[in-house]
Amino acid sequence: VLPIAKPVSLGRKLYENRKVSDMDTGQSSMSGTIGVKSDKVDVEYDGTPVPIHDKGFDIDFRDKLSMDAEGYDSLVDYSREAERGLMRTKNNFMWDGNSGIVFKGKTWLGLFNDPTVATAALAVDLSVAATSTENIRAEVARVRDIMYITNNATTGLVLVVSPQIASNWERPLSNADSTFGSVTNYIKASLRGIVEIIEDDKLVGNKIVFLQNNQDGFHAVSGMAVNT
């Protein structure tokens with residue numbers, strides 16, 4: 001989600017967005033002179049705090065001098081692992097949120113728990129070989145329609161799956177749809193709107209997530225890129 005992050009001033013501790021209602025339809029006539037009817041939208045505000053994720057490290061100065069004597073820059077390892085840890089922190093914040101970070105009554109509870117995220121219980125297990133390809137396809141389509149039909153998504157969706165589901169979907173097809181090769185290719189090619197299927201180990205077992213991954217849908221808010 002970082003490549004399409006929305007930049008905000010680092011001074012903003014709270015990112016707010018307007019939520020507006022639909023308007024009624026227009027009117028039709030042969031003359032176009034029947035009088036313009038004005039309309040307005042209902043507006044409410046939502047928002048999320050913008051925290052700073054940080055990670056520090058230190059090394060005993062004598063250990064560093066010892067490694068310097070051997071021509072090895074020990075801080076390379078420290079910096080690399082600190083950055084990886086910071087990336088995991090941000091990924092955890094995306095999925096789990098942090099109820100301890102509250103600003104002006106707003107908090108982010110993560111994709112797993114935030115009330116602004118539409119949820120559904122899977123009716124079949126997508127991670128086991130015993131589930132038929134057609135049942136997998138039908139269940140993925142049902143959850144996708146929560147985005148497209150119930151929530152009026154209008155652009156392509158990213159499907160995020162658990163490593164267990166990704167592994168199960170590698171299996172080749174054994175029916176008339178075998179020209180697609182694997183279950184993954186079949187799902188992506190036979191269902192409208194799925195532009196990419198990726199896996200994330202924050203999803204475990206029988207879990208999937210659909211993201212409308214753009215600035216009209218789900219996106220990151222960034223006050224500053226990684227800085228060292």
### Message
Could you walk me through whether D77 and Y72 satisfy the side chain to side chain donor-acceptor pair (under 3.5 Å) test, starting with their C-alpha distance in whole Å, then the side-chain angles of each, then the deciding distance to 0.1 Å, before giving a yes or no?
### Response
CA-CA 10 Å; D77 291 335; Y72 179 73; 2.4 Å; yes
> Would a distance-only check, ignoring hydrogens and angles, find a side-chain to backbone donor-acceptor pair under 3.5 Å from S127 to Q164?
Replying inline: no
Any side-chain donor paired with an acceptor under 3.5 Å for E134 and Y186? yes
hydrophobic_cluster_shared for V143 and I136, side chain cutoff 4.5 Å = yes
| Test item: W169 side-chain N/O and L126 main-chain N/O as donor-acceptor pair under 3.5 Å | yes
Within a reach of under 6.0 Å around CD1 of I52, are more than 12 heavy atoms found that belong to other residues, nucleotides or ligands?
-> no
**OP:** Would you indicate whether K202, at its atom NZ, is surrounded by more than 12 heavy atoms from other residues, nucleotides or ligands within a distance under 6.0 Å?
**Re:** yes
Open item on the list: Test side chain to side chain donor-acceptor pair (under 3.5 Å) on N92 and T89; report intermediate values, then the result.
Closed with: CA-CA 5 Å; N92 291 340; T89 300; 5.6 Å; no
I'd like to know whether R171 forms a side chain to side chain donor-acceptor pair (under 3.5 Å) with S182, so could you lay out the CA-CA distance, the side-chain angles of the two residues, the decisive distance to 0.1 Å, and finally the verdict. CA-CA 6 Å; R171 72 178 193 249; S182 66; over 6 Å; no
Would a distance-only check, ignoring hydrogens and angles, find a side-chain to backbone donor-acceptor pair under 3.5 Å from D114 to V117? no
**Report entry** Pair K64 + D68, salt bridge at N-O below 4.0 Å
**Finding:** yes
Can you label the angle between the Y15 ring and the H219 ring as parallel, tilted or perpendicular, going by 30° and 60°?
perpendicular
### Task
List the steps and the verdict of side chain to side chain donor-acceptor pair (under 3.5 Å) for D125 and T131.
CA-CA 7 Å; D125 195 337; T131 305; 5.6 Å; no
Under-4.0 Å salt bridge between R142 and E139
yes
- Task: Report, as yes or no, whether the 6.0 Å neighbourhood of atom CZ on R62 holds more than 12 heavy atoms from other residues, nucleotides or ligands.
- Result: no
